[in-house]
Amino acid sequence: MSLTAQQTHPGQGSPPWAPSTWRQLPAPFWLLLSALLLNIFSGRWGDMGIPLGPDRLLFAAAFLLILLDPRIPRPRARLLHAAMLLFTAWAAASMILHGPIGIESVYTVLDRVAMPFLLFACAPMFFRSALQRIILLRSLTLLGVYLGCTAILETLGVNSLLLPRYIAAFKSSAGAIASGNAARAGGPFISGEANGMALALCAVAALLLARLDARGWRVLGLLTGMLCLLTSVLSLTRSVWLGVLMAVFAVALSRRRLLRWLPALAVAGLLLAAAGALAMPDVAANIVERGTTSRSLNDRQNSNVAALRALNAHPLTGVGWAQFVKVGPDWVRQADDYPVTTVNIEVHNVVLSRTAELGLPAGALFVGILAFGPFGAALRRRSDPTEDDWRVSALAALMIWFVPAMTSPIPYPFPTFVFFTLMGLVWAWPQEHDPLTYRKA
């Protein structure tokens, strides 16, 4: 099967940037797609003997080439884009003023602010046609197969089959075993939360593919979506579990006809959980232990309360970009009803973290960006069925990203990159006319 693009208005000529087959897709599209997929190894390239991450080079090449290609229309500048630019400049200025400037602080501005906003704004340029969007979904679906199978192998302890090999090395390390992280399916991220979010986002892409594609890809999308949702549980991360659960409810509420299936899904989930507990009691015990532990909750509460104290002392400028880990201990106090177990950690709430480090004006700007950007894209209904399918998928992705964002700093770039890319595509639809649709041939 191959995909070809056809015009929705046969009487009009095809614009010069419109690809008709996958062979005609522009180089920036392939570069960005490759960078996005390879980003799952971000921060781990050194473990594979690669000094500089190729994903960063591919991102840079993709944005450079697309800016130099005059055939691809630029998205119209909006107030939201200006707000994103202002916030990025604010974060960069704070980093410079509160130096010294190190490679780590530069990467945090790039990965947590500049790149997500850039992907949001430029996603319509890279994935303008339906052909490009369907290839994006297929790629994330195939990535979901890899992540899901890797999570199963990790959980079963089949370390000899884990690729890349640094995953197995981490699983068998004394530190991972002592901390309990060896029991979590962290995948190539070596992080249960990052892997769980990535699996859930791949599930969203796979299930959307099952709606939009046909034949073998439809079946693969459905199976991969179920695989990714089930294996996201193996991340042993409560924020991921809650995000997935809220995504299911959000989709059901958005599509009222799905509400009647919720009881059946709940029963099926309980039966699967019971069967899994009987088949793998050790895994069930790890899930229960992770679900009932309180230490991580205490750490979050301590860091968040300390951030509020710091913000009260520095309301306009905050303590400085990426500075809270250094100055946070100055604002930690022993509470009466929970212990202090660690102090040199980031604020475990993305909005509060941005506000504490950059000040109340920047925090309000960030909230506005989220409200009118991702939230606006997910909540605005569409009349076209295909566009509304994307909008409902964006609503699920919003829950999967936003819930962990309220309980974690989300330092790993891949889930945020994928999230802002999907939200940028959906947000731009009302403003950008798409003259292409796709058909199966």
Side-chain angles (χ1 to χ4, degrees), residues 30-62 103-104 107-108 110-112 115 136 138-203 205-206 220 223-224 227-237 240 283 286 404 408 410-419 421:
W30 294 113
L31 290 172
L32 185 83
L33 185 62
S34 300
L36 203 59
L37 297 176
L38 289 174
N39 189 253
I40 62 173
F41 304 114
S42 178
R44 296 293 169 180
W45 292 107
D47 296 330
M48 294 184 282
I50 303 174
L52 181 62
D55 56 319
R56 297 191 183 277
L57 298 176
L58 290 170
F59 274 127
I103 189 65
E104 186 175 348
Y107 277 154
T108 58
L110 287 175
D111 292 344
R112 303 187 190 189
M115 277 298 298
L136 170 65
R138 288 179 175 182
S139 300
L140 291 175
T141 298
L142 294 175
L143 178 62
V145 174
Y146 161 70
L147 293 177
C149 291
T150 300
I152 292 174
L153 293 174
E154 286 185 79
T155 303
L156 295 178
V158 190
N159 293 346
S160 59
L161 297 180
L162 292 174
L163 294 174
R165 296 303 304 160
Y166 71 80
I167 303 176
F170 173 79
K171 302 290 284 187
S172 58
S173 66
I177 295 172
S179 64
N181 286 323
R184 308 174 71 179
F189 309 94
I190 311 298
S191 165
E193 185 176 51
N195 199 41
M197 291 177 68
L199 281 164
L201 289 171
C202 286
L220 179 63
L223 294 177
T224 302
L227 170 69
C228 291
L229 287 177
L230 291 174
T231 52
S232 67
V233 178
L234 303 179
S235 67
L236 304 185
T237 305
V240 171
V283 176
N286 288 333
S408 165
I410 311 186
Y412 15 82
F414 178 79
T416 299
F417 286 4
V418 172
F419 169 70
T421 299

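Side chains of Val145 and Leu223 form no contact here, defined as non-hydrogen atoms less than 4.5 Å apart. Annotation: side chain of Ser172 is not in contact with side chain of Ile177 (no heavy-atom distance under 4.5 Å).
In this structure, the separation between CG on Leu236 and CG on Leu234 is 7.0 Å, given to the nearest 0.5 Å. Atom CE of residue Met197 and atom OG1 of residue Thr416 lie 5.5 Å apart, to the nearest 0.5 angstrom. To the nearest 0.5 Å, atom CZ of residue Phe59 and atom CE of residue Met115 are 4.0 Å apart. Distance check: Leu58 CG to Leu37 CG gives 10.5 Å after rounding to the nearest 0.5 Å. Note that the CG atom of Leu36 and the CG atom of Leu140 stand 6.5 Å from one another [nearest 0.5 Å]. The structure places CZ of Arg138 at 12.5 Å from OG1 of Thr224, a figure rounded to the nearest 0.5 Å.
Minimum heavy-atom separation, Ala185 to Thr155: CB-OG1, 4.3 Å. Here the closest non-hydrogen pair linking Pro415 and Leu201 is O-CD1, 3.5 Å. Of all heavy-atom pairs spanning Glu154 and Gly186, the tightest one is OE1-N, 3.2 Å. For Asn195 against Pro188, the heavy-atom pair with the smallest separation is OD1-CD, 4.2 Å. When all heavy atoms are compared, the tightest approach of Ser42 to Arg56 is OG-NH2, 3.8 Å.
The ring pair (Phe, Tyr, Trp, His ring centres under 6.0 Å) contacts involving residues 144-184 comprise nothing, where partners must be two or more places apart or lie in separate chains. Screening residues 174-194 for ring pair (Phe, Tyr, Trp, His ring centres under 6.0 Å) gives Phe189-Phe414 as the qualifying pairs, with residues at least two apart or on separate chains. For residues 158-169, the set of pairs meeting the salt bridge (charged side-chain N to carboxylate O under 4.0 Å, His left out) definition, not counting sequence neighbours, is empty.
For Ile152, the side-chain contact (heavy atoms from CB on, under 4.5 Å) test picks out Leu156, Leu227, Thr231, with sequence neighbours left out. A search for side-chain contact (heavy atoms from CB on, under 4.5 Å) contacts involving Ser232 returns Leu199, Val240, Val244, not counting sequence neighbours. Looking at residues two or more places apart in sequence or on another chain, you find a side-chain hydrogen bond (donor to acceptor under 3.5 Å, both in side chains) between Asp47 and Arg44. In this view, Ser179 and Asn181 satisfy the side-chain hydrogen bond (donor to acceptor under 3.5 Å, both in side chains) rule, not counting sequence neighbours. Under the side-chain hydrogen bond (donor to acceptor under 3.5 Å, both in side chains) criterion, Thr108 pairs with Trp321, not counting sequence neighbours. Applying the side-chain hydrogen bond (donor to acceptor under 3.5 Å, both in side chains) criterion to Asp55, with sequence neighbours excluded, gives Asn39, Trp45. Among residues two or more places apart in sequence or in another chain, the side-chain contact (heavy atoms from CB on, under 4.5 Å) test is passed with Cys202 by Leu143, Leu147, Cys228. Applying the side-chain contact (heavy atoms from CB on, under 4.5 Å) test to Leu153 and every residue at least two apart in sequence or in another chain returns Val158, Leu161, Leu162.
At least one donor-acceptor pair closer than 3.5 Å links the side chain of Lys171 to the backbone N or O of Arg184.
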